[in-house]
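See structure below.
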Amino acid sequence: MKSKSVQDIAKLYTEYFLKEGHTIVPSSSLIPTGDPTLLFTTAGMVQFKPLFTGAVELPYRRAASIQKCVRTTDLEVVGKTERHCTFFEMLGNFSFGDYFKKEAIKFALDFSLNHLEIPLEKIWVTIYLDDDEAKEIWKAAGVPEERIVRLGKKDNFWGPAGDSGACGPCSELYLDRGPEKGGPNCGNNPNCKPGCDCDRYLEYWNLVFNQFNQTVSGELLPLKQTGIDTGSGLERVAMLLQEVDSVYDTDELKNIIQSIETLCGKKYDESTKVSFRVITDHSRSVFFSIGDRIYPDRTGRGYVIRRLIRRASLFARKLGISEPFLYKLVDKLTEIYSVRYPELKSRAKEIRSVIQKEEELFLNTLEVGLEELESLVQRLKSEGKTDVRGNESFRLYSTYGFPMEMTRELVIEKGFSFNEKEFEQELNKDRDLSRASWKGKKQTYLTGISDTQNLKTEFLGYSELKSQASVLYLFKEGKQVSSLNVGEEGVIVLNRTPFYAEGGGQLGDIGYIKTNNFQFQVQDTQKENDTFLHLGLVMRGEIKAGMEVSSEVDSVRRQNLANHHSGTHLLNGALRRTLGDHVSQKGSVVSPESLRFDFSHPQSLTEDEIRKIEFDVNEAISKSIPVKTEVLPIEQAKVSGALSMFDEKYGNLVRVVGMGDRSKEFCGGTHVSNTGEIAYFAILKEASPGAGSRRIEAICGDSVVDYFQSAFQVLAEKVQDYNLNAKEIYGDLKSFGILDKIPAPEEIQELFETKKTVAVTELRQLKKKLEESLEEKLSLLYKEKKKKEALSFQLNPELVESILQSKEEFGGITVVKRLFDGVEAKSLKDLADSIKSKVETVVCLFGSKEGDTSTLVYMCNKVLNDKGVHCGNLLKLSLETLGGKGGGRPDMAQGGGKNPEKLDEAIALAVTELKQKFGGK
Ligand code: SER
């Protein structure tokens, strides 16, 4: 076969499908479009999900793309196999109610034979169990019958991506790599064919014939329009055409591997290949994800990225690399991938710095954590135990930052079992306790210390995040001690420190205090008078008073704190400018994740005021105003117009933080050096914490982008639901469609990059407008639905007929019953009237559920009242089970209650009563 580079294949693919009438659509973000249930974009079809279900007006009916994808289900085997990757690019062509099986098969075969230049005799295909139609098409296209294999649901039924959406049977193309790839067992085995576990036949293209829409509850509903979703892994195709055994040996990935060789001075060979592959793969996932603004974090997508960086660090260590390293690959990755994704060029700098900081953070604890793990393993072995318990793995997570999955991989490698459930339990326990643990220990430490001139800690943290210092005092369980040992919690007092102690609303810093043989994790910093207390845990070695140590603040967290603190000052200024000078600060909490600001103001803020305030702050950010701090005598500071807290006590000298004409405040906190660092500001909530005050909760930094991306994802899902319902009810496309106005994650990102100042304002307005418009449409739809329903209940002979078919007759009466979903009482009465007009002696027992409420309508012909049927009494009986209220006349009763799940049972009681009375069985 003719070898082709990855880029050549990509180019051939898009050129071919363009020629075949497809719109070439750029890859969407790795943050899935329109689907908040999906963590990452896992396939080319993800961005087209609404087009498949019909929840949107179609902008085109044929599309093709090369999609960035992340799949992490097999993360732990990545590196250990030839082909697993967490990141890959997927070639795909799609049809939305346009072509179906015949053309999809024709395109795939034509492209394979005439463009990829794969010889026909090497191609095999699989079809879904009973898909004879596909089989006939393949045969007609030239694939001999003996190379068409039927496979079951596991292999040949695809989707949906996420919890719901388009899915269907599929048909796959395989390449026969020759008997020698089958290994000794399969090589010449005539029964070896696609579906076999050996390496001879490799799947390279999946054609999904979308026929169903799977609902969140797992129901398969027929799609209104069938569709085609094909996916072909670009790296996989390159591997086959380049006739190499591993995707890691294809041209682009090899290029990365070579870079790693140069950087670490080790060769890529049998003994090192797992580490090389892990680093190569993970570097790509991390690079593309951060490119799409997915940042390392404790939960969700961010957690996956954190896990990947940490796993890569672990494997880099096996290559002898103990320094941050992954970030150095960013230049190479940018060079390779900006050919297909030019936007990465402008992201490279940030990607580099995010990876580097995350690596630094983890490397602080990697060595110590591994030692801890080793001693745990030794201890368990000596005790004859074979499983690692939840509290043990949790400690590796909470203290050493080992992602749970990484610990699992490490202990399983060492022959132990791992208890994931217990780990989760520990995690939940910890969440409940959260930061409270150190708060409980807030107490006085220094009363017994006599050499008081030593008690003023020199604070270096306005300009430094690292420093050398000497240990003055140590405390354990509140008492002064001369040393602290590994595993012990305690407090360290230094003569000088870069750690900020909680104060002025800003939380205390965290980080490390260490020497070559000792490491202390600072979990909080508090202040007692002028003395800084570093509270935490000894992770390694022993520390004694008098020792020299180096200390280092967690810089990422500190930056986030600074963003939120400076953001708070800008907010304070903006509030006063917008609402008036009566605004004064009542309280504030500055954390790395958010800020909370309480201020005096008599009424809640209008939408317009919120928008103005937000804009004011974002404008100040975009002006990149230098932040100036000065220490002034208090009187001078006061006349300078700087804001101070009314009831706060200040010393003779105060620190004043100024941000141009936007803000000037007394403040001891740590700030950004330029407002531009804050990046963005968004208000999440405005409420009242108590009389006469208002409270604003807001976020700063890149999490603002994240916030809007998620908010619009949720909205997109709601709109899709609405659209599908609207289509049912209105029967045309005209009455819906706001889905196309909802910006995709990458559009939101772009908006933030191009329109820094107004992005938040515009998105807030858009979100509000869309929410209102959806609300309005929903209420119209609801009315229309009820109208239609009422009509169909009045004039629906089939419904009447179908109900009568299940009638019961006994003792001269006819009983019919039926349960409905979301039908109003009025319609149920209309229906009963229709039935009554057809049958002279009928009792109708109807119920309907809607959400957590239920409705009952019992009616009968008046003649039955003389025979002793009493609808009101029957209803009463049913309501005893259901709970709720109701009543009525002998010939008509109506009631409503809760417990819709008991509706069936409640109606059955009425039937039993009638049977007893009229002698039915
Ligand atoms: N969605 C299918 C897959 O991921 C085809 O694109 O395999």
Side-chain angles (χ1 to χ4, degrees), residues 9-10 13-14 16-17 20 22-28 30 32-35 37-53 62-74 83-96 98-101 103-105 107-109 111-112 125-128 131 134 151-175 194-195 201-214 220 223 226-237 239-240 247 285:
I9 299 166
Y13 189 83
T14 45
Y16 176 78
F17 282 98
E20 295 297 344
H22 292 65
T23 300
I24 306 300
V25 181
S27 171
S28 66
L30 282 169
T33 308
D35 185 348
T37 68
L38 198 59
L39 213 48
F40 285 97
T41 300
T42 50
M45 63 83 74
V46 170
Q47 68 164 315
F48 302 114
K49 282 176 81 167
L51 278 69
F52 280 118
T53 55
R62 296 179 173 200
S65 67
I66 303 177
Q67 175 67 48
K68 311 174 258 192
C69 298
V70 166
R71 283 190 195 173
T72 54
T73 31
D74 294 320
R83 292 184 291 275
H84 280 100
C85 294
T86 58
F87 176 85
F88 60 97
E89 289 171 89
M90 197 177 234
L91 307 169
N93 54 289
F94 308 93
S95 149
F96 316 107
D98 190 43
Y99 61 82
F100 200 46
K101 292 186 192 180
E103 294 84 345
I105 289 175
F107 290 144
L109 199 60
F111 184 71
S112 297
V125 298
T126 62
I127 52 169
Y128 185 55
D131 194 352
L151 288 179
K153 193 157 183 203
K154 191 174 133 276
D155 295 285
N156 279 105
F157 191 97
W158 195 89
D163 290 349
S164 61
C167 55
C170 53
S171 182
E172 295 184 315
L173 288 96
Y174 280 70
L175 188 122
Y201 301 95
L202 284 190
E203 182 256 321
Y204 70 92
W205 204 338
N206 183 13
L207 317 181
V208 185
F209 309 131
N210 278 329
Q211 272 165 275
F212 302 106
N213 180 20
Q214 184 173 312
L220 284 181
L223 269 181
T226 54
I228 290 293
D229 153 29
T230 89
S232 175
L234 179 55
E235 299 79 354
R236 171 80 66 108
V237 174
M239 178 188 113
L240 294 172
V247 285
S285 288

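In each ligand, atom 1 is the first atom listed, and ligand 1 is the first ligand listed. Values in this document were obtained by computation on a predicted structure and should not be read as measured data.
For ligand 1, the polar-atom distance check against Thr42 finds no nitrogen or oxygen pair separated by under 3.5 Å.
Residues Ser232 and Tyr13 bring no donor and acceptor atom of their side chains to less than 3.5 Å of each other. Residues Thr86 and Thr72 have side chains that never bring a donor and an acceptor to within less than 3.5 angstrom of each other. A donor and an acceptor atom, one from each side chain of Gln67 and Ser28, are located under 3.5 Å apart.
Listed by number with element, the atoms of ligand 1 under 4.0 Å from a non-hydrogen atom of Thr230 are 5 (C), 6 (O). In summary, the atoms of ligand 1 found under 4.0 Å from a heavy atom of Val208, numbered by their order in the structure, are 2 (C), 5 (C). Listed by number with element, the atoms of ligand 1 under 4.0 angstrom from any heavy atom of Gly231 are 5 (C), 6 (O).
Remark: aromatic rings of Tyr128 and Phe209 are distant, center separation not under 6.0 Å.
The backbone and the side chain of Asp229 each have at least one atom closer than 4.0 Å to an atom of ligand 1 (non-hydrogen atoms only). If you look at Arg71 next to ligand 1, the close heavy atoms, those under 4.0 Å, all belong to the side chain. Here Leu207 has no heavy atoms under 4.0 Å from ligand 1, in either its backbone or its side chain.
With a 4.5 Å cut-off on side-chain heavy atoms, Leu207 and Trp158 do not count as touching.
In terms of protein heavy atoms, atom 7 (O) of ligand 1 is closest to Asn206 ND2, 3.0 Å.
Using cut-offs of 30° and 60° for the angle between ring planes, the His22 and Phe17 rings count as perpendicular.
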